[in-house]
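These notes are about the structure you will find just below.
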Amino acid sequence: MNGRQFIRRVRKWARSQQLEVQFVASEGAGSHGTLYAGGRKTTVKDRKKEIGVGLLAKMLSDLEIDEDDF
C-alpha cells in the first residue's frame, strides 16, 4: 500500500466513524504531510512510495485505528 492508498482507506474508515479527515501537505518536510482524522494525527511519507508493515502499524496506532477495522 502506498501513501495515497492509505489516505483513501483512512477517509473511508473515518466516514464510517463520522470523523472529519484532512491531509495537509504543507505540514511535513519534503514529500511528507500530516493526516488528521478526528482529533488524531499521523505523518504520511511520500504518497507515491510503499509503506512498510512496521510504519503502517505505527500510523494506524497514531490514529487509534484497529488493524482489523482497517
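Owing to the predicted nature of the structure, the values given are computational and were not obtained by experimental measurement.
- Annotation: side chain to side chain contact (heavy atoms under 4.5 Å, CB included) contacts of Q5 (sequence neighbours excluded): M1, N2, R8.
- Each ring-ring contact (aromatic ring centres under 6.0 Å, His included) pair with one or both residues in residues 1-20, not counting sequence neighbours, appears once here: F6-F70.
- Considering every non-hydrogen atom in both V44 and G3, the closest pair reads CG1-CA, 4.1 Å.
- Listed by chain and number, the residues in a side chain to side chain contact (heavy atoms under 4.5 Å, CB included) with D68 are D66 (sequence neighbours excluded).
- Rounded to the nearest 0.5 angstrom, D46 CG and R4 CZ are separated by 8.5 Å.
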Below 3.5 Å, can you tabulate the donor-acceptor pairs from side chains in residues 51-64 to any protein atom, sequence neighbours excluded?
from, atom 1, to, atom 2, distance (Å)
K58, NZ, D62, OD1, 2.6
K58, NZ, D62, OD2, 3.0
D62, OD2, T42, OG1, 2.9
E64, OE1, R40, NE, 3.3

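- To the nearest 0.5 angstrom, Q17 atom CD is 7.0 Å from D69 atom CG.
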Just distance, no hydrogens or angles: give the donor-acceptor pairs under 3.5 Å from side chains in residues 22-33, sequence neighbours left out.
from, atom 1, to, atom 2, distance (Å)
E27, OE1, Y36, OH, 2.3
H32, ND1, A29, O, 3.2

